[in-house]
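First the proteins, then the strands, lettered A, B, ... as listed; each starts at 1. No hydrogens, no waters, no symmetry mates; every other heavy atom, side chains included, goes into these values.
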There are 2 protein chains.
Amino acid sequence: MRMGQTRPGLKDVAERAGVGVSSVSRVLSGHPDVSVKMRDRVMAAVDEIGYRPDIFARGLRGGPTMSVGLVIGDISNPLLSEISLGAESELRRAGYSLLFVNSMNDPELEAQNILLFQDRHVDGLLLSLSAEDDAGVLAALRTIQAPLVLIDRELDDSGEQLMPSAVLCDHRGGMRAAIAHLLDLGHRRIGCILGGHARFARMRRQGVEEAYAERGLPPTYNIVQGPLDADHGQAATSRLLDMRERPTALVVGGNQLLKGCLRELRSRRVVVGADLSLISCDETDLTEMHDPPIAVVRRDTHQLGRTAAGLLLRRIQDPEEGPVTTVHPTQFVPRASVVPVRETAGA
Amino acid sequence: MRMGQTRPGLKDVAERAGVGVSSVSRVLSGHPDVSVKMRDRVMAAVDEIGYRPDIFARGLRGGPTMSVGLVIGDISNPLLSEISLGAESELRRAGYSLLFVNSMNDPELEAQNILLFQDRHVDGLLLSLSAEDDAGVLAALRTIQAPLVLIDRELDDSGEQLMPSAVLCDHRGGMRAAIAHLLDLGHRRIGCILGGHARFARMRRQGVEEAYAERGLPPTYNIVQGPLDADHGQAATSRLLDMRERPTALVVGGNQLLKGCLRELRSRRVVVGADLSLISCDETDLTEMHDPPIAVVRRDTHQLGRTAAGLLLRRIQDPEEGPVTTVHPTQFVPRASVVPVRETAGA
DNA sequence: ATGAAAGCGCTAACAG
DNA sequence: CTGTTAGCGCTTTCAT
């Protein structure tokens, strides 16, 4: 029974101001050829009736929607959410809004979401994909006209058709530094728990290998690769601790894995920073507040998001711009979870 | 230099299938009056040319956009992100997509974001607002036609114009149970650190008061109210521990506050579960993995999100539906961070 | 410098 | 049951 109360349109503004609709349109889209008088009249009318342009009608004509899509595997991961926060703040400064969608780390959903953003005419896409080589995702991406920025991912894009920009992290360097630190403290049997099939896992593995190779040491490390979740973290920890030549230090590649790892250590009553040295990748509440605090390979996630947004904006605003890749530093932060091997009780 | 390659429209499908545009439209929107033959012809053509409807053109006509907006204070808060995950999963099942926007806990941004969603013609709004009484936010909300669902918030809507549904949590009951547990263990001087001005803080305060009142005990608790952040958590902890009659137990109203609290306890070398009993609200990695594990007042955040989405969908799909409020249980989970007062060393 | 008018892709009358 | 047609609110020629 309620009145239609349709929101005011361009026509209403034009009527109110006693001018033509196209003049109103020109004023609102900053067209140069408008008299000051006209601009004032129109703006006054706009304020009076509280006009807001209809984004759909604009989009229909193919104009920009001033929005950017972010496809993200798991927003509940604090790192990813910080990245998105950084991206959002940068985009907002430029007048763009960021639309999130979760893909639950499911490539099929991811592909759907990419298409969904295309339907919504986003002006660009930020991608933190769960898989770098999923055929469906790649196919969806190829239908996208808008510029793409990958966040800490490398696409397995054989055809090289989609020319994404990318913001990457120097995971290899960070891992190399972490391992080097352990080696300096006398550790030789180091267990590494890695997860996922994305770039970061490959790079971290390389970092481990390089650290040993640089010092001419035999590869007495053990890398346990698996899914990127707490269960793998726990299982891998268990497996490493059960080895005959039990590692004196563990390096864990991410917060989910860390959670599982700590769970296992607790159930075995292994004391971090005494019985065992421990390093994790990426700072979270857990690493910071743990007793003892856990050494980490850290990176500036907020900045990562901001840079990603910046690269995207550049390409949106100037379509001639080519893809750019930036690499962001990582930093090893030693903490009490790491002790020299001498103090470590053997098996 | 690239070819315009404009995406196929309804007209193209109609041409391909040799039928009229409206028939195509009818088939696609599931209109009952279409022959099987027609449906097949059209669907074939749709597949052949890879047609996807233009959501903007649909929206322009005032139709549903199959999207829901979520205004959220801080997506990097694991609780809020879990809620949004729950909401998203429910919405997806119904074919809706969820658009997130962060408001950085800033009411002004919040109001802007509400307007932004309105511009995008969302079919409904999920709100986890940072303030319940901000004039700008309320004004923005009043311009919204779509149904609203509040998540764990009560609006200070004097005019009662906007009839939101709501999903609430029984914070009062949870807090009452937590305090009762402490009282049973002999604690009398209990410090409570609360933060924020939203419903949950009020309810928790009431829970504390009720627990004491129920047993006819004098109010020997101390409630320190402040902003909902780690700094307040730390400052409040410091203040409570400096009291002449130092509390034997602390109850902390949220994960941010907890972080600050733990920071202070660590710097003072206060041992949780021995020198002091500790309870927090809401489960996070920190409460679970802490040594000793921290007792919590828990709630099912994923379910909360799902229910919120469900309530919204009901109102979207049947505009005659009135607003509904559901209250979700909370549960006190005792853990090793809580010990009887006898074992606790006094000041 | 300004206004009139033609669509953008779609849905919903309205005719057949 | 199906095709034709008139807009939805806006931008953009094209005249003036």
Side-chain angles (χ1 to χ4, degrees), chain A residues 4-46 49-67 115 118-121 123 145, chain B residues 4-46 49-67 115 118-123 143 145:
Chain A
Q5 195 194 333
T6 168
R7 48 185 260 179
L10 213 49
K11 200 161 46 180
D12 304 280
V13 180
E15 238 162 54
R16 190 86 164 81
V19 301
V21 279
S22 47
S23 294
V24 180
S25 174
R26 274 188 283 261
V27 169
L28 267 61
S29 35
H31 194 91
D33 294 351
V34 275
S35 66
V36 184
K37 199 168 163 184
M38 174 64 84
R39 164 162 286 112
D40 292 346
R41 286 176 68 112
V42 169
M43 291 314 274
V46 163
I49 67 179
Y51 167 78
R52 313 199 95 218
D54 186 321
I55 206 170
F56 278 52
R58 270 190 180 159
L60 192 50
R61 298 293 313 231
T65 58
M66 301 306 281
S67 65
L115 262 21
Q118 187 190 33
D119 290 347
R120 292 199 135 61
H121 297 211
D123 299 329
Q145 305 293 319
Chain B
Q5 196 194 334
T6 170
R7 45 185 261 180
L10 212 50
K11 200 160 48 179
D12 303 282
V13 179
E15 240 162 51
R16 190 84 164 84
V19 301
V21 280
S22 52
S23 294
V24 180
S25 174
R26 274 189 284 259
V27 169
L28 268 60
S29 33
H31 195 91
D33 294 350
V34 275
S35 65
V36 184
K37 199 166 164 183
M38 173 66 84
R39 165 163 285 113
D40 292 345
R41 285 176 70 110
V42 168
M43 292 314 274
V46 164
I49 66 180
Y51 167 79
R52 313 199 94 217
D54 187 322
I55 206 168
F56 279 52
R58 270 191 182 160
L60 191 51
R61 298 286 291 142
T65 58
M66 302 306 281
S67 64
L115 262 21
Q118 187 190 34
D119 289 348
R120 291 199 137 59
H121 297 210
V122 293
D123 299 328
T143 73
Q145 304 293 318

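In terms of modelled atom types and a separation under 3.5 Å, the side chain of A:Asp12 and the main chain of A:Gly9 share a donor-acceptor contact.
When rounded to the nearest whole Å, the span between NZ of B:Lys11 and C1' of C:dC8 equals 9 Å. The distance from atom NE2 of A:His31 to atom P of C:dT2 is 11 Å, rounded to the nearest whole Å. Atom CG of B:Asp54 and atom P of C:dG7 are 18 Å apart (whole Å).
Note on the helix from C:dA1-D:dT16 to C:dG16-D:dC1: terminal axis deviation equals 40°, with five pairs used at each end and the result rounded to 10°.
Looking only at side-chain heavy atoms (C-beta outward), B:His121 and A:Asp54 come within less than 4.5 Å of each other. Side-chain contact check for B:Val24 versus B:Tyr51: every heavy-atom pair is 4.5 Å or farther apart. The side-chain heavy atoms of B:Val27 and B:Met43, taken from C-beta on, include a pair separated by under 4.5 Å. B:Ser67 has its side chain within reach of A:Arg120: a pair of non-hydrogen atoms, C-beta onward, lies under 4.5 Å apart. Side-chain atoms of B:Val42 and B:Arg26, non-hydrogen and from C-beta on, never get closer than 4.5 Å to each other. Side-chain contact between A:Leu28 and A:Val46: present, with at least one pair of heavy atoms (C-beta onward) separated by less than 4.5 Å.
Remark: B:Arg41 pairs with no residue by the side-chain hydrogen bond (donor to acceptor under 3.5 Å, both in side chains) rule, at least two apart or across chains. Remark: A:Arg52 pairs with B:Asp119 by the side-chain hydrogen bond (donor to acceptor under 3.5 Å, both in side chains) rule, at least two apart or across chains. Applying the side-chain hydrogen bond (donor to acceptor under 3.5 Å, both in side chains) rule to B:Arg58 yields no partners; only residues at least two apart in sequence or on another chain are considered.
Bounding nucleotides for the chain A contact on DNA chain D, 5' to 3', at a heavy-atom distance below 4.0 Å, are D:dG9 to D:dT12.
For B:Arg39 and B:Leu60, each mapped to the nucleotide of DNA chain D holding its nearest heavy atom, the one lying further toward the 5' end belongs to B:Arg39.
Nucleic acid contact class of B:Gly9 (heavy atoms, under 4.0 Å, all strands): sugar-phosphate only.
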* **Nucleic acid footprint by protein, nucleotides 11-16 of chain C - heavy-atom cut-off 4.0 Å, B for base, S for sugar-phosphate alone** => BBB---

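Annotation for B:Ile55 and A:Phe56: closest pair O-CE2, 3.6 Å, computed over non-hydrogen atoms.
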